S.K.: 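Take a look at this one; I'll ask things after.
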Amino acid sequence: MRNDRKLGFGLMRLPMLQEDPEKIDIELTKKLVDLFIERGFTYFDTAWMYCGFQSENATKEVLVDRYPRDAFTLTTKLHAGYLETKEDRDKIFNEQRRKTGVEFFDYYWLHDINSHSIEVFEKLDCFNWIREKKESGLVKHIGFSFHDGPELLDKVLTEHPEFEYVQLQINYLDWESNAIQSRKCYEVAEKHNMPVIVMEPVKGGTLADVPEEVTKLFKEYDPDASIPSWAIRFAASQKNVCMVLSGMNTVEQVLDNTGFMSDFKPLNEEELERIKKAVSIINGSIAIPCTGCEYCVAGCPQQIPIPKCFSLYNADKQEVETKDWTPQGEYYDNMVKSTGKASDCIECRQCEEVCPQHLPIVEHLKEVAQYFGK
């Protein structure tokens, strides 16, 4: 990485215009980018499908067109879900260069290597293809993002020593998770001396909106530290982590993150103990550990907004039990007027095949359908 500051700007969850939720708020995003750069940070991460395929376009407008090329570093990615032929590799890559407006990418990843996508990447010779992109100078550094188990990660890193970075999901809630296995994957990367870039450090906002008991636990130790700062610092405290991505969509978030990451201090033993206690508390309150990446939405034949269903379900399950009324049921009813309902699931399981969290989505949808159908 070009500097020792471990905070990167993730361009996956950008602010949207209220009057048109399908459009990015470009003017606000410019302010966020300006503030981020003013505070000495340079790393930006986007991808082909982020923000309804608009993130790369927005990157050109808010960043590339407004700053000299040496003022920032940019990462984007090639996803197997959009590849059918070898020709598609260059077709997408060249379109990404056009959309972002750059001649070269500082970092370029194979997006979301897992037990399904690796078959596509191997069939279409993407491993040699990405290496050739680096040799040609169109890409400065190559790597891959990963959503699977430590065994496959070890296989990929063993067979492809040409990779320079791996992007992993690491946060304190997933660290010992049997499904995500963040710690075990991190240890595999460490074994291979592979620098790690962290995604989902706040787990899609879950670790920014923690139970009141956890807030009290953190605030007793440091009243001035934000709740998300504990999660980002946890990820950044792992010695082999070189960058932690944060999806920021408010000025307050940029100020907070750049504040504690400008003078980054790893977590001490007492802070780590508090995080362990927080994990126990949170695991008892979150019903469905969905990060809201929305990979499951595009292929759903019933057009069920799966992450939103899960989010409303989680929020309602965390409400105080003595309340006579909570708003989530009404939000759910309003939402499904124009979309599929959880009960519309036909159990095709396309969603489960692409879920980075390996969630049993069909079973969870049954839970949601029963819960909100009362």
Side-chain angles (χ1 to χ4, degrees), residues 12 45-56 75-100 105 107-136 138-139 141-169 179-181 185 188-189 192 194 196-197 199-200 291 293-301 306-307 348-362:
M12 178 179 173
D45 173 278
T46 185
W48 178 247
M49 77 288 284
Y50 287 176
C51 300
F53 299 90
Q54 295 304 307
S55 177
E56 290 174 328
T75 299
T76 194
K77 315 172 188 79
L78 182 75
H79 196 287
Y82 304 95
L83 299 176
E84 295 183 0
T85 68
K86 288 184 177 181
E87 288 71 27
D88 289 337
R89 302 170 305 178
D90 279 333
K91 180 179 179 181
I92 290 175
F93 183 83
N94 292 333
E95 180 66 4
Q96 287 175 309
R97 290 173 64 207
R98 186 196 68 78
K99 289 172 71 176
T100 58
F105 294 108
Y107 306 93
Y108 197 85
W109 307 153
L110 295 185
H111 194 171
D112 187 14
I113 289 183
N114 58 56
S115 57
H116 298 286
S117 66
I118 195 169
E119 296 178 359
V120 177
F121 287 135
E122 289 177 341
K123 177 183 176 182
L124 300 181
D125 198 26
C126 293
F127 293 97
N128 283 323
W129 175 86
I130 194 173
R131 178 177 52 78
E132 290 167 0
K133 282 289 178 281
K134 179 184 176 184
E135 291 173 354
S136 71
L138 294 175
V139 171
H141 302 282
I142 59 175
F144 62 99
S145 62
F146 185 81
H147 287 292
D148 213 300
E151 295 81 11
L152 180 60
L153 180 61
D154 189 46
K155 179 179 183 293
V156 174
L157 291 176
T158 300
E159 294 179 355
H160 297 284
E162 68 271 19
F163 283 125
E164 301 170 89
Y165 297 93
V166 60
Q167 188 163 307
L168 299 175
Q169 176 169 320
I180 308 302
Q181 303 183 87
C185 287
V188 169
H192 287 270
M194 182 65 57
V196 173
I197 297 169
M199 55 185 162
E200 301 288 355
T291 69
C293 70
E294 297 195 343
Y295 288 0
C296 58
V297 174
C300 178
I306 297 169
C348 68
R349 300 190 186 275
Q350 291 185 53
C351 53
E352 295 184 355
E353 293 177 3
V354 300
C355 177
Q357 315 307 320
H358 311 293
L359 297 177
I361 293 176
V362 170

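Computed from a predicted structure; not experimentally measured.
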S.K.: Evaluate the criterion side chain to side chain contact (heavy atoms under 4.5 Å, CB included) for residue pair Val196 and Cys185; output intermediate values, then yes/no.
M.R.: CA-CA 10 Å; Val196 173; Cys185 287; over 6 Å; no

S.K.: Verify side chain to side chain contact (heavy atoms under 4.5 Å, CB included) between Tyr295 and Cys355, making sure each step is shown before the conclusion.
M.R.: CA-CA 6 Å; Tyr295 288 0; Cys355 177; over 6 Å; no

S.K.: What pair of heavy atoms forms the shortest contact from Ala189 to Val166, and how long is it?
M.R.: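 Residues Ala189 and Val166, closest heavy atoms: CB-CG1, 3.9 Å.
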
S.K.: Taking the side chain as everything from C-beta on, heavy atoms only, tell me whether His147 gets closer than 4.5 Å to Ser117.
M.R.: no

S.K.: Nearest 0.5 angstrom please: Leu168 CG to Phe146 CZ, how far?
M.R.: 7.5 Å

S.K.: Begin with the C-alpha distance, continue with both residues' side-chain angles, and end with the deciding distance and a verdict on side chain to side chain contact (heavy atoms under 4.5 Å, CB included) for Thr75 and Trp109.
M.R.: CA-CA 8 Å; Thr75 299; Trp109 307 153; 3.4 Å; yes

S.K.: Ignoring hydrogens, what is the shortest heavy-atom contact between Val297 and Pro307? Give both atom names and the distance.
M.R.: CG2-CD, 3.5 Å

S.K.: For Asp125, does its backbone N or O pair with a side-chain atom of Arg89 as donor and acceptor, under 3.5 Å?
M.R.: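 It does hold such a pair.
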
S.K.: Within the structure provided, determine whether Tyr165 and Phe144 are in side-chain contact (heavy-atom separation under 4.5 Å).
M.R.: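 No, their side chains stay 4.5 Å or more apart.
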
S.K.: Does the side chain of His111 reach to within under 4.5 Å of the side chain of Met49, using non-hydrogen atoms?
M.R.: yes

S.K.: Could you grab the distance from atom OG of Ser145 to atom CE of Met199, nearest 0.5 Å is fine?
M.R.: 5.0 Å

S.K.: Would a 4.5 Å heavy-atom cut-off, applied to side chains only, mark Thr76 and Thr100 as touching?
M.R.: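 No. Closest side-chain heavy atoms not under 4.5 Å.
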
S.K.: Could you give the distance from SG (Cys296) to CZ (Arg349), rounded to the nearest 0.5 Å?
M.R.: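 Between atom SG of Cys296 and atom CZ of Arg349 there are 14.0 Å.
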
S.K.: Given side chain to side chain donor-acceptor pair (under 3.5 Å), test Gln169 with Glu200 step by step and report yes or no.
M.R.: CA-CA 6 Å; Gln169 176 169 320; Glu200 301 288 355; over 6 Å; no

S.K.: Could you tell me whether the side chain of His79 and the main chain of Gly81 form a donor-acceptor pair under 3.5 Å?
M.R.: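 Indeed, once roles are kept as given, a pair shorter than 3.5 Å links the two residues.
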
S.K.: Answer yes or no: is there a side-chain heavy-atom contact under 4.5 Å between Trp129 and Leu124?
M.R.: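 A side-chain contact under 4.5 Å is absent here.
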
S.K.: Using 0.5 Å steps for rounding, measure from the CD atom of Glu151 to the OG atom of Ser115.
M.R.: 11.0 Å

S.K.: Before giving the answer on side chain to side chain contact (heavy atoms under 4.5 Å, CB included), spell out for Tyr82 and Asp88 the whole-Å C-alpha distance, their side-chain angles and the decisive distance to 0.1 Å.
M.R.: CA-CA 8 Å; Tyr82 304 95; Asp88 289 337; over 6 Å; no

S.K.: Under the salt bridge (Lys or Arg N to Asp or Glu O under 4.0 Å) rule, what do Glu95 and Lys99 come out as? Steps first, then yes or no, please.
M.R.: CA-CA 6 Å; Glu95 180 66 4; Lys99 289 172 71 176; 5.7 Å; no

S.K.: State the CD-CD1 distance between Glu132 and Ile142, to the nearest 0.5 angstrom.
M.R.: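 Answer rounded to 0.5 Å: 10.5 Å.
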
S.K.: Using only atom types and a distance under 3.5 Å, with no angle test, would you say the side chain of Glu352 pairs donor to acceptor with the backbone of Val362?
M.R.: yes

S.K.: Is it true that, when you exclude Glu135 itself, more than 12 heavy atoms of the residues, nucleotides or ligands shown sit nearer than 6.0 Å to its CD?
M.R.: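 Atom CD in Glu135 is crowded, with more than 12 foreign heavy atoms closer than 6.0 Å.
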
S.K.: If you look at every heavy atom in Phe127 and Ile118, which pair is closest and at what distance?
M.R.: CZ-CG1, 4.2 Å

S.K.: Is any side-chain heavy atom of Glu84 less than 4.5 Å from a side-chain heavy atom of Val120?
M.R.: no

S.K.: Report the C-alpha separation of Lys133 and Asp90 in whole Å, then their side-chain angles, then the decisive distance to 0.1 Å, and conclude whether the salt bridge (Lys or Arg N to Asp or Glu O under 4.0 Å) test is met.
M.R.: CA-CA 10 Å; Lys133 282 289 178 281; Asp90 279 333; 2.8 Å; yes

S.K.: As an exercise, state the distance from CG of Asn114 to NE2 of His116, rounded to the nearest 0.5 Å.
M.R.: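 NE2 of His116 is found 6.0 Å from CG of Asn114.
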
S.K.: What I'd like to find out is whether the side chain of His141 reaches to under 4.5 Å of the side chain of Phe105, using heavy atoms alone.
M.R.: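 Counting from C-beta outward, His141 and Phe105 never come under 4.5 Å.
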
S.K.: Trp48 versus Ile92: any side-chain heavy-atom pair under 4.5 Å?
M.R.: yes

S.K.: Looking at Glu164 and Lys134, is there a salt bridge between them, counting it only when a charged N and a carboxylate O are closer than 4.0 Å?
M.R.: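 Looking at Lys134 and Glu164, the cut-off is met.
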
S.K.: So, are Asp148 and Lys155 salt-bridged, with charged N and O less than 4.0 Å apart?
M.R.: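 The answer is no: the pair does not qualify as a salt bridge.
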
S.K.: Quick test of your reading of the model: are Lys77 and Asp112 salt-bridged, counting only N-O distances below 4.0 Å?
M.R.: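 Salt bridge between Lys77 and Asp112, a charged N being under 4.0 Å from a carboxylate O: no.
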
